[in-house]
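Accompanying notes for the structure given below.
Each chain gets a letter, A, B and so on, in the order its sequence line appears, and its residues count up from 1.
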Amino acid sequence: MEQVLGSDSVPSGPMDKSKVLTVKPLRCLVPIFPSQRDTTAPQTSQFASVPPTGPFPPGAAPFFPFFASNESQRQGTGANQGRSYPIPSPVPLNSFRTPASAAGNGDIGTSRRSSRNRVAADEDGYSQGDAYENSFGMYTEDGSDVVKKRKSRKKAKGRPAIAVSLSEVDIESLVNNLLKSFNLVEIDTFYQANSDKELVERVLIVYNLLRRKITQIDDSKEAVPGVARRPDLRSGTILMNKGARANVKKRIGTVPGIDVGDIFFFRMEMCLVGLHAPIMGGIDYLTVKVSADEEPVAVSIVSSGGYEDDGDDGDVLIYSGHGGVQRKDKQQMDQKLERGNLALEKSLHRANEVRVIRGVRDFASPTGKIYVYDGRYIIHESWIEKGKSGCNVFKYKLVRVAGQPEAYTVWKSIQQWKDGVTTRVGVILPDLTSGAESLPVCLVNDVDDEKGPAYFTYLPHLKYTKPFASSKSFLNCSCSDGCEPATNCPCVQKNGGYIPYTALGILLSHNSLIHECGPACLCPRTCRNRVSQAGLKIRLEVFKTKDKGWGLRSWDPIRAGAFICEYAGDVIDSSAVESDDNYIFDATRSFDQLEFVPIDDPVKVPFPLIISAKNGGNVGRFMNHSCSPNVYWQPILRENHDQSYLHVGFYAIKHIPPMQELTYSYGMVRTDKDGPRRKKCLCGSSKCRGYFY
DNA sequence: GGATGTTCACTGTG
DNA sequence: CCACAGTGAACATC
């Protein structure tokens with residue numbers, strides 16, 4: 001009914017609202033002026049409120065010198081300095097980021113080939129395990145003093161307190177190692193304000209590594225009541241204080257390094273990369289100078305679901321303003337035209353773009369949410385409605401700017417495919433595994449008329465004719481309820497005292513050999529330490545790519561670290577490799593250090609495993625190569641008395657949105673002398689080597 | 001009165 | 001359920 005009000009409020013401006021509201025705005029409403037610019041034009045810094053060189057928000061820049069000295073001081077005393085692993089010393093500080101301004105033409109990434117020279121270093125082996133693991137294994141005492149300390153630290157913002165608790169020292173050195181590995185130690189101020197894809201990705205990956213690691217540590221302690229269990233916030237604060245963040249400068253419109261469709265699993269992630277700054281609030285805005293006056297302008301909103309409604313059109317969003325809820329007693333009251341609400345109002349009149357992030361329920365983790373960046377919207381109208389309690393609520397109608405890649409609508413389509421409401425176009429087979437997997441795997445071709453890949457037998461698991469023999473005999477566990485962290489279960493011990501996975505089956509740390517429970521272990525199939533044995537958890541599809549044959553992608557969003565599938569097939573001897581076999585997985589190849597996996601010693605594969613999936617295999621055989629992959633593999637060992645079964649597990653490097661192709665690096669043949677096996681690479685990445693194995 | 005430092009309120013989340 | 005943190009804006013001090 002109020003729609004009537006809404007429709008005529010467009011031309012008549014804000015007067016309606018001030019009439020309805022007795023509240024006077026915090027800042028006066030200056031006269032409306034037309035959007036002074038075509039909104040499709042790039043909006044780089046028209047409203048820049050922060051000069052590129054500062055002054056900087058407190059908490060970021062001023063602390064760099066401090067941390068730098070802290071860093072060098074720590075060099076000799078850190079918890080793992082005594083270890084023999086080569087410290088990734090001053091890091092390949094590839095002098096890296098000359099201010100992005102200089103690279104105005106966006107020619108990034110061409111100078112990074114040098115990471116290759118690290119390959120030579122790995123050839124003489126190393127002890128297994130990684131620095132992070134080991135540095136933690138030593139201290140698992142309680143952290144009861146941590147709580148108090150964190151409070152008192154708040155005063156001296158960002159200053160690392162004198163080490164009180166051993167585990168805090170550990171976290172400090174873990175963080176420093178991570179930051180060094182990913183070249184996030186002292187980010188150029190301008191680059192920090194105006195970032196790019198590289199920085200965004202590195203920040204996100206470090207955030208997730210840190211968060212998972214802290215989760216793992218928390219997990220291994222017995223629950224201390226009162227200790228905050230929010231690794232998401234804790235790791236976020238740490239990175240904030242260290243300045244390891246991107247796009248600090250707020251901006252209207254597109255954020256460098258963030259693509260429409262990108263997904264996030266925590267509010268903190270969006271905060272760290274400058275997509276949406278408020279850690280809780282739904283509306284982000286900045287203040288712009290208008291002659292002598294200032295006014296707020298909205299930059300992004302998070303719609304956490306609930307009230308969007310408006311039927312099936314995924315390009316329209318009805319958004320409610322904030323406020324109107326008494327915090328203490330949860331009393332409802334009228335919303336006021338201030339802060340975010342005022343900013344949205346201003347954006348409406350200026351016809352500014354507003355980024356929209358849609359929160360959707362995460363079915364893999366019912367308590368969690370996934371945030372989908374759905375691109376830029378324009379506010380078309382606003383009005384006031386009476387809420388349930390009879391109080392005034394602001395409503396804004398946003399319409400998606402045309403010409404952007406699909407994002408949220410993809411999610412809607414997938415949901416409909418799953419529900420059987422609509423059918424996927426181009427389906428050749430609804431389940432190419434014929435029921436061999438716990439979930440169906442669709443075979444789809446919507447690009448040409450090829451009817452499917454060459455014949456093969458679907459094998460859900462790796463087939464061994466003979467396991468690797470071991471000289472020693474392994475203990476099996478007897479955890480009848482499944483293995484738990486912080487127990488003396490032999491399988492947990494083999495993993496350095498931890499279970500390598502979270503309760504959700506997310507891999508907790510990179511670069512370690514994963515010891516899963518073996519056939520003789522008495523724990524159930526559902527044990528947390530049998531993630532790769534539990535079958536598919538992600539709804540995958542095999543699809544025809546434009547130019548790379550068949551490929552693999554997912555209907556479900558995938559979290560960084562999630563297990564995707566193993567590489568199934570027949571374990572063969574190196575002498576049995578046929579030259580026309582395009583489905584070889586060869587763990588003895590050399591694998592370039594992945595850019596987004598910590599620069600640590602890579603895991604040594606304990607046995608020379610070669611798998612052929614030519615005649616038989618699983619979905620893993622369809623995953624294509626890429627020089628900048630979103631998936632990587634790790635060896636998994638399952639032991640059984642004196643036998644070892646080595647498996648290859650695929651895990652997500654980063655969060656992967658639905659329908660994005662899954663790729664990993666096939667590696668290089670070590671003795672390659674420009675041999676005949678080289679294949680032209682079509683990955684299309686800016687870092688493409690041009691060929692693979 | 002401009003610059004800088006401090007405190008507080010506001011915002012849902014996991 | 002409830003502690004949690006970034007930010008803007010008001011307030012305080014230089």
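Protein atom CG of A:L239 is 14 Å distant from nucleotide atom C1' of C:dG6, rounded to whole Å. Taking atom CG on A:L504 and atom P on B:dG14, their separation rounds to 14 Å, with Å as the unit. Between the CD1 atom of A:I279 and the C1' atom of C:dC2 there is a distance of 15 Å, rounded to whole Å. For the pair A:R245 CZ and C:dG6 C1', the computed distance is 8 Å after rounding to whole Å. In this structure, A:R361 atom CZ and B:dG14 atom C1' are separated by 15 Å, rounded to whole Å. As rounded to whole Å, 20 Å separates atom C1' of C:dG6 from atom NZ of A:K249. Atoms NZ (A:K336) and P (B:dC10) sit 8 Å apart, rounded to a whole Å. Note: OH (A:Y207) to C1' (B:dG14) measures 10 Å, nearest angstrom.
In this model, the phosphate group of C:dG6 is approached by a side-chain N or O of A:T237 to a distance below 4.0 Å at OP1 or OP2. Distances shorter than 4.0 Å separate some side-chain N or O of A:K250 from OP1 or OP2 on C:dG8. For A:T287 and C:dA9, the shortest distance from a side-chain N or O to OP1 or OP2 is below 4.0 Å. Residue A:K369 places no side-chain N or O under 4.0 Å from the OP1 or OP2 atom of B:dG14. Distances shorter than 4.0 Å separate some side-chain N or O of A:S304 from OP1 or OP2 on B:dT13. For A:Y371, a side-chain nitrogen or oxygen approaches OP1 or OP2 of B:dG14 to under 4.0 Å.
With ring centers used as reference points, A:Y319 lies 6.0 Å or more from A:Y396.
Residue A:Y285 places its side chain closer to C:dG8 than to any other of C:dT7, C:dG8, B:dT11. When the nucleotides B:dG14, C:dA5, C:dT7 are ranked by their closest atom to the side chain of A:C271, C:dT7 comes out on top.
In this structure, the side chains of A:L239 and A:R245 stay at 4.5 Å or more apart for every pair of heavy atoms.
Salt bridge A:K418/A:D556: present, at least one basic N to carboxylate O contact under 4.0 Å.
Checking A:V325 against A:G368, the closest nucleotide of DNA chain B that is more toward the 5' end is the one next to A:V325. For A:G324 and A:F266, each mapped to the nucleotide of DNA chain B holding its nearest heavy atom, the one lying further toward the 5' end belongs to A:G324.
A donor-acceptor contact under 3.5 angstrom links the side-chain atoms of A:R230 to the base of B:dT13.
Among the atoms of the strands shown, only primed sugar atoms or phosphate atoms (P, OP1, OP2) are found under 4.0 Å from some heavy atom of A:G323.
For the residue pair A:N194 and A:R251, a side-chain donor N or O sits within less than 3.5 Å of a side-chain acceptor on the partner. A:D196 and A:Y191 share a donor-acceptor pair across their side chains, judged by distance under 3.5 Å alone.
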